[in-house]
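Below is one structure, written out as structure tokens, with a few remarks after it.
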Amino acid sequence: MEPHTIRWGIISTGGIATTFSKDLLVDPATRGVTEVAHKIAAVGSRSIPSAQAFIDKLKAAPGVSSWGVESGALDDAKAYGSYDEVYADPNVDVVYIGTPHPFHHQNAKAALLAGKNVLCEKPFVMDLAELDELIAIAKENKVFLMEAVWTRFQPIAYAVQEALRSGKLGRPRRVIAEMSSFARIDERSDDDRIINPQLGGGALLDLAPYSAVWSMLALHQHPENTDTEPRVLDFSQRIYKRNGVDEMSAFTVKWEGLGEARLLTDLAAWPARDNACVIDCEKGQLIIDHPLYRPERFRIVPHPNAVAGSSESEDITEETEFRFPNTTGNGMQYEADHVALCLRDGKLESDRMPLAESRVVQGWFDTVRKGGDSALKDWRHTAGK
Ligand SMILES: NC(=O)c1ccc[n+]([C@@H]2O[C@H](COP(=O)([O-])OP(=O)(O)OC[C@H]3O[C@@H](n4cnc5c(N)ncnc54)[C@H](OP(=O)(O)O)[C@@H]3O)[C@@H](O)[C@H]2O)c1
């Protein structure tokens, strides 16, 4: 049977739009996918030469992405000098938004109002009010909307959840997760989106989606969790003096009756490497390597007393390692396939990345941002505008 082919409209020509587009060009068969396929129908930029250069560079892409070029996935790609022209293009099935986060709301809103399905980069938006407006518009227009938390769709994410649900580890009770990146912020220019407050700079919004994802998979989605509105218990931020964004954000979230997550992001420190996320369970720990956006290994480690022969040792007797080498793209192809399957099946929402779960995490970011002392504390959202 012919695969169901999805035609993407790419918004912006920046770093992550490039990475995502390259993954669209990888042969789905390399990951065992035959039901869906991807084409790039349009690229929108603030300038036509930039959109055209983006397409030309993709056409010259070496390695695994050359498959898509040779298979014609870029043959009909149109270069537009505005985003609106992509939203209006009848040949576009779904719009991918890869602009800096302060523009996500306006860009996604315009696409949804034009009747397009939308996959929007993380963090979804700047404020829960913006997200709620997008959800309402998507529902009203009967179109698909999802936050591009690509980590959730990687094979390792499913394997971690399978291990947690096997019962072998017992109930999870605490997650400690660090997604830090020594970003050499002193060397960056003032207009770099990582540190520019006008472009949503700072550690919280850029990095915390990745420490959050593992707590959501381990605790929020745990079959025994009954708390759908886990709340932030405490938080702290370290402010980067040069422009007032948060250099570091740390916060604790509690799932009533189940457990807690302590999440840390830092732009000015090297991260924990082989224990970036520790999921402490009754009978042992599940430990995930850095980087939490695309880890390649996790381990199941017995508690020390279990090794000595306590009752805990019945299920976990020795350390076991699980590896997921990333060889068939950058890792964004899995979320793209998921979106394509949702669209093929006429779904308006993903069950793997539900809008309610995006709301939960966006709510944590609002609490930390508004309660902290960064330049984004009083950010004026664009909902209703
Ligand atoms: N999923 C992931 O792993 C991942 C990784 C990195 C970033 N992200 C997310 O993706 C988004 C973009 O990040 P990025 O690193 O790709 O950023 P980037 O390289 O700076 O690219 C952003 C693009 O947005 C467009 N843009 C529109 N208005 C802009 C403005 N006023 N200033 C600057 N650029 C503007 C530009 O494209 P045109 O000139 O073509 O319009 C620009 O190239 C962020 O929200 C970030 O959190 C996700």
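Residues take their numbers from the sequence shown, with the count starting at 1. As the structure lists them, so they are numbered: ligands from 1, and atoms in each ligand from 1.
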Worksheet entry | Arg369/Asp366 ion pair, N-O < 4.0 Å | yes
Worksheet item: Under 4.5 Å between any side-chain heavy atoms of Val339 and Ile6, yes or no?
Response: no
Fill in: Sub-4.0 Å heavy-atom environment of ligand 1, residues by chain
Ser12, Thr13, Gly14, Gly15, Ile16, Ser45, Arg46, Ser50, Tyr83, Gly98, Thr99, Pro100, His101, Phe103, His104, Glu121, Lys122, Pro123, Trp150, Arg193, Leu199, Asp206, Tyr210, Met332
Item to complete: Name all residues meeting the side-chain contact (heavy atoms from CB on, under 4.5 Å) criterion together with Ala79; count only those two or more places apart in sequence or in a different chain, and write none if there are none.
Response: Ala51, Gln52, Ile55
Less than 3.5 Å apart, which donor and acceptor atoms pair up between the side chains of residues 140-148 and the rest of the protein, not counting sequence neighbours?
| from | atom 1 | to | atom 2 | distance (Å) |
| --- | --- | --- | --- | --- |
| Asn141 | ND2 | Ile137 | O | 2.9 |
| Glu147 | OE1 | Ser358 | OG | 2.7 |
| Glu147 | OE2 | Phe124 | N | 3.2 |

Practice prompt. List for me each residue that meets side-chain hydrogen bond (donor to acceptor under 3.5 Å, both in side chains) alongside Ser180, sequence neighbours excluded, and say none if there are none.
Written response: Glu178
Discussion item. Taking the side chain as everything from C-beta on, heavy atoms only, tell me whether Trp214 gets closer than 4.5 Å to Ile288.
Written reply: yes
